[in-house]
Amino acid sequence: MRPEPEGVLMRVNEVERTFQVGGRPLHVLKGINMQIDYRRLIMLRGRSGSGKTTLMNLIGGLDQPTKGEIWFDDRPLHKLGDTRRTLIRRKEIGFIFQAYALMPLLSAYENVELTLRMAGVSRSEWKTRVPEVLELVGLGKRMHHRPFELSGGEQQRVAIAKAIAHRPRLLLADEPTAELDSQMSAQIMAVFQNIIQLERVTICMTTHDPTILEVADHVYEMVDGKFNG
Ligand SMILES: Nc1ncnc2c1ncn2[C@@H]1O[C@H](COP(=O)(O)OP(=O)(O)OP(=O)(O)O)[C@@H](O)[C@H]1O
């Protein structure tokens with residue numbers, strides 16, 4: 001297990017993101033400031049179109065700000081080129097985004113194995129890490145099922161296992177409970193709390209669901225490209 005880190009994992013300073021749409025600037029993020037400490041559960045809420053996913057893409061190093069700074073573990077993500085950002089993303093960040101969905105023809109086990117392969121983890125580690133992480137999300141008995149043989153909540157747990165298998169510092173989840181009923185959503189949040197404790201991961205997620213906000217350490221509310229309050 002990694003040593004207990006303390007302090008600030010990520011700092012976002014005065015971040016703006018503008019897209020050119022039809023030759024005109026669209027100001028989506030208009031001066032975002034946030035701080036994410038180690039081993040916290042942070043939630044972003046806000047109406048559809050308020051800019052949550054745009055911010056998550058920046059925090060995850062998938063995109064770069066038009067203005068402002070993003071510091072990840074004391075490294076300036078906003079200044080790094082594609083190659084270095086990709087390396088950080090592969091090794092230190094886990095994603096639960098629609099775009100990183102499960103491979104339908106692979107079992108839960110093989111789906112998790114694939115992430116480790118992509119992250120450059122040595123093959124000898126896969127054998128212990130894959131079952132360990134599937135146990136952790138409560139799927140020890142369903143490892144060899146394929147996605148269509150699992151419930152929505154179980155599929156989401158495979159997605160979590162896949163996202164944390166390479167031991168990222170930061171886990172980013174875009175609407176991880178969107179497709180789930182309230183009981184399954186609560187189970188996913190319990191898994192999140194568990195992995196913060198056991199895997200020492202920090203989680204930042206977006207949600208529209210008011211019932212799960214209470215388990216957050218901090219909630220940022222996005223209104224039209226800025227944080228409220
Ligand atoms: N690459 C892009 N080019 C142009 N406009 C974009 C781009 N990405 C996002 N936008 C625009 O930015 C705004 C914010 O989008 P974003 O996806 O961040 O919102 P959101 O809060 O995540 O919404 P939802 O809750 O529906 O996912 C939208 O108006 C969207 O059309």
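Whatever order the structure lists ligands and atoms in, that order sets their numbers, starting from 1. Position 1 is the first residue of the sequence; numbering continues from there.
Residue contacts with ligand 1 for D174 are absent, since no atom lies close enough (heavy atoms, distance under 4.0 Å).
Scanning L29, L26, D224, T53 for the heavy atom closest to atom 29 (O) of ligand 1 points to L26.
Side-chain atoms of E149 come within 3.5 Å of backbone N or O of R146 as a donor-acceptor pair. T206 places no side-chain N or O within 3.5 Å of a backbone atom of K52 that could act as its donor or acceptor partner.
Side-chain contact of H27 with E16: a donor-acceptor pair under 3.5 Å is absent, judged by distance alone. Side chain to side chain, D73 and Y38 meet the donor-acceptor criterion of an N or O pair below 3.5 Å.
Ionic pairing of K30 and D224 is present here: one or more N-O contacts between side-chain nitrogen and carboxylate oxygen are shorter than 4.0 angstrom.
Residue contact check: R47 has heavy atoms under 4.0 Å from atoms 21 (O) of ligand 1. Within ligand 1, the atoms closer than 4.0 Å to a non-hydrogen atom of H208 are 25 (O), numbered from 1 in the order shown. For ligand 1, the atoms closer than 4.0 angstrom to any heavy atom of K52 are 18 (O), 19 (O), 20 (P), 21 (O), 22 (O), 23 (O), 24 (P), 25 (O).
Close N/O approach between E175 and ligand 1 is not found [any backbone or side-chain N/O within under 3.5 Å]. Backbone and side-chain nitrogen or oxygen atoms of G49 are examined, and one is located within less than 3.5 angstrom of a nitrogen or oxygen of ligand 1.
Paired with D63 under the rule salt bridge (Lys or Arg N to Asp or Glu O under 4.0 Å), one option of R17, R89, R85 passes, and it is R17.
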*May I have the step-by-step check of side chain to side chain contact (heavy atoms under 4.5 Å, CB included) for I59 and L55, ending in yes or no?*
CA-CA 6 Å; I59 294 176; L55 178 58; 4.0 Å; yes
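In this structure, atom 31 (O) of ligand 1 has its sub-4.0 angstrom surroundings free of protein heavy atoms.
Looking at heavy atoms from C-beta onward, V121 lies out of side-chain contact with R129 at the 4.5 angstrom threshold. Residues I70 and M10 form a side-chain contact, since some pair of their non-hydrogen atoms from C-beta on lies under 4.5 Å apart.
In this structure, the protein non-hydrogen atom closest to atom 12 (O) of ligand 1 is V28 CG2, 3.1 Å. Summary of contacts: the protein heavy atom closest to atom 1 (N) of ligand 1 is F19 CE2, 3.4 Å. Atom 16 (P) of ligand 1 has its closest protein heavy atom at T54 OG1, 3.7 Å. S48 OG, 2.6 Å is the protein heavy atom nearest to atom 26 (O) of ligand 1.
Within the structure, ligand 1 lacks G46 among the residues with a heavy atom less than 4.0 angstrom away.
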